[in-house]
Amino acid sequence: MKRIKISELLETKGQNQEVKAMGWVRTKRGSKNVAFLALNDGSSIKNIQVVIDFDKISIDLLENVHSGASVAVVGKLVPSQGKGQSVEIEADTLELLGKADPDSFPIQPKKHSLEFLRENAHLRFRTNLFGAITRIRHAMIFGVHKFFNDKGFYNIHTPIITASDAEGAGEMFRVTTLDLNNLPRNEAKEIDYKQDFFGRSSHLTVSGQLEAELAALAMAEVYTFGPTFRAENSNTVRHLAEFWMIEPEMAFYDIHDDMDLAEEMLQYLVKYALDNCKDDLEFLHERRTKENSQKPQNERDALELIDRLNFVVENKFVRLTYTEAIDILKNSKPNKKKQFQYPVEGWGTDLQSEHERYLVEKHFKKPVILIDYPKDIKAFYMKLNDDDKTVRAMDVLFPQIGEIIGGSQREENLEKLQKRMSEMNIPEDEMWWYMDTRKFGTVPHSGFGLGFERLMLFVTGMSNIRDVIPFPRTPKNAEF
RNA sequence: UCCUCCUUCGCUCAGCGGGUUAGAGCACCUGACUGUUAAUCAGGGGGUCCUUGGUUCGAGUCCAAGAGGGGGAGCCA
């Protein structure tokens, strides 16, 4: 007999038809004549109730059925006599597939701390919370590809191992097959990477952008969606050493087209979650609301989760220049009252996260896109404005997350690019292939990077990035 | 990397200003209960109080170092 997914069973009318369900027991409740199993198979946040009548099934069979055990049930799908569900299965046979010894199985039908579940990341999929996050994560991945496919973008697999360490997006993980106990040296006593696997020094990618640019300057509109690695010693709720990044790159787009695309994409993806993950979002909404009610008034969310998502879908993002932002911040109450840890003094320094949070959460109360940053605090490939002081960079700032997107119009003029590279000590000879696109048929083009897990934080309302990726990689942690 | 807090049965947490046999809820086991909704009620078992060293007549409690973890900051997506 063929198994039917629980999500499908829950949508079906109970008409005494014989069905088979397989899954993991969430809870077991019993009384003298009858027992109830809440069964889950990952297809939905909802469980199906299995009714065990001791006249039909021996009570001994239930001896090893505890939370976490896997079972196969064959029985009749009937309308439920109880209140919490519309249908249930009256079991005719119950087969224990795998027991879960309650003395050692760590996931119990109760609230666990997120820290505890992180240490049990191999089993945390078995909880309502991580089931919901996992389904939403899948939907968002699918939504990303659908968005770009519908717009005629091509997906490009950019390399995960790269030999260019010129980009400066962050510290890199070295990739090598050299014997670390016996490193080959050249005449200058330096490590001789000529003898390494690729014949040169190589690393895990920190961004697919440069390669995506190469593709965009032929295919016009492309995007990458792949793993990205940063060997920075960042210990925060917003950083991972291994994360997934979405990087579109578009020929013939200027910075304004770039911002339009970023805004459209974020709204599309949030709406995609609202439309496709209703049950899971409602669960997360409830959870966050409960959590909120236990916080002091001034730390509570202004909007509840689903309202916050709707708000982003329905409202235009605010756009302003870095210079305008500095003016607002300089004249802001917290700055005058010296409540910022880093006072806003002059033009030219980067904004601290407290400043970004003030703009988004207090001043505008909307997502904000900042443009035209000072050139000295941004990367070499960003297009210089006519003022010679600022570049056509844009950052999208979100409530509670901070920077969710960083992007720019790229410098397409060869001479200007070379000048910036020499100013910033980027070796041109390693980047000959990048320069070639500016030599041959260069065009204005733009792109941005979206940290997928940061989007997941926003959509799920979770507060730690380690909880929105199945197996987080952070400093001192690569378990599982 | 810096600042700060935490580590007590399987889980979540109490534990006073050092002083008898270290507590509770959940889970587990036993029993009760006419179909329960993280069922309920009664009883039971379960602890190298993170590790090492120190102070003390006496340390879960105080001090030091180490390990692991949380939160904040920096770097960024």
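Each chain gets a letter, A, B and so on, in the order the sequences are listed, and its residues count up from 1.
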Exercise. For B:C16, what is the paired nucleotide under Watson-Crick or G-U wobble rules, both distances under 3.5 Å?
Worked result: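 Partner of B:C16: none.
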Exercise. Using purine N1 to pyrimidine N3 plus N6-O4 or O6-N4 for Watson-Crick, or N1-O2 and O6-N3 for G-U wobble, both under 3.5 Å, which nucleotide pairs with B:G47?
Worked result: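 Here B:G47 is not engaged in any pair, so there is no nucleotide opposite it.
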For this session: Indicate whether OP1 or OP2 belonging to B:G74 is found under 4.0 Å from a side-chain N or O atom of A:Q352.
Result: yes
Exercise. So, is A:R238 near the phosphate of B:C75, with a side-chain N or O under 4.0 Å from OP1 or OP2?
Worked result: no
Problem set entry | Rounded distance in Å between the P positions of B:C49 and B:U8 | 11 Å
Problem set entry | P spacing across the pair B:U36 / B:C41, given as an integer number of angstrom | 15 Å
Exercise. According to the interplanar angle, ranging from 0 to 90°, do the rings of A:Y253 and A:F153 count as parallel (below 30°), tilted (30 to 60°) or perpendicular (above 60°)?
Worked result: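 Because their plane-to-plane angle is over 60°, the rings of A:Y253 and A:F153 count as perpendicular.
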Exercise. Parallel, tilted or perpendicular for A:Y358 and A:F340, by the 30°/60° rule?
Worked result: perpendicular
Problem set entry | Donor-acceptor pair, side chain of A:N155 and main chain of A:H157, under 3.5 angstrom |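 Not at all, since once roles are kept as given, no pair shorter than 3.5 Å links the two residues.
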Exercise. Ignoring hydrogens and geometry, is there a side-chain-to-backbone donor-acceptor pair from A:Q49 to A:Q85 under 3.5 Å?
Worked result: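 No, the answer is negative, given that no donor and acceptor are paired below the 3.5 Å cut-off.
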Problem set entry | Test log, rule side chain to side chain contact (heavy atoms under 4.5 Å, CB included), inputs A:Y322 and A:T390 | CA-CA 9 Å; A:Y322 166 88; A:T390 59; 5.9 Å; no
Exercise. What about A:H66, does its side chain sit under 3.5 Å from the base of B:C28 through a donor-acceptor pair?
Worked result: no
Problem set entry | Side-chain-base donor-acceptor pair under 3.5 Å for A:S234 and B:C75 | yes
Problem set entry | Per-pair stack call A:F243 and B:A77, 5.5 Å, 30° |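 It does: the ring sits over the base of B:A77.
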Exercise. If you find the nucleotide of RNA chain B closest to A:N233 and the one closest to A:S463, which residue's nucleotide is nearer the 5' end?
Worked result: A:N233
Could you list the protein-to-nucleotides 4-9 of chain B atom pairs, N/O on both sides, closer than 3.5 Å?
none

Problem set entry | Base-contact (B) and sugar-phosphate-only (S) positions in nucleotides 35-46 of chain B, heavy-atom cut-off under 4.0 Å, - elsewhere | BBBBB-------
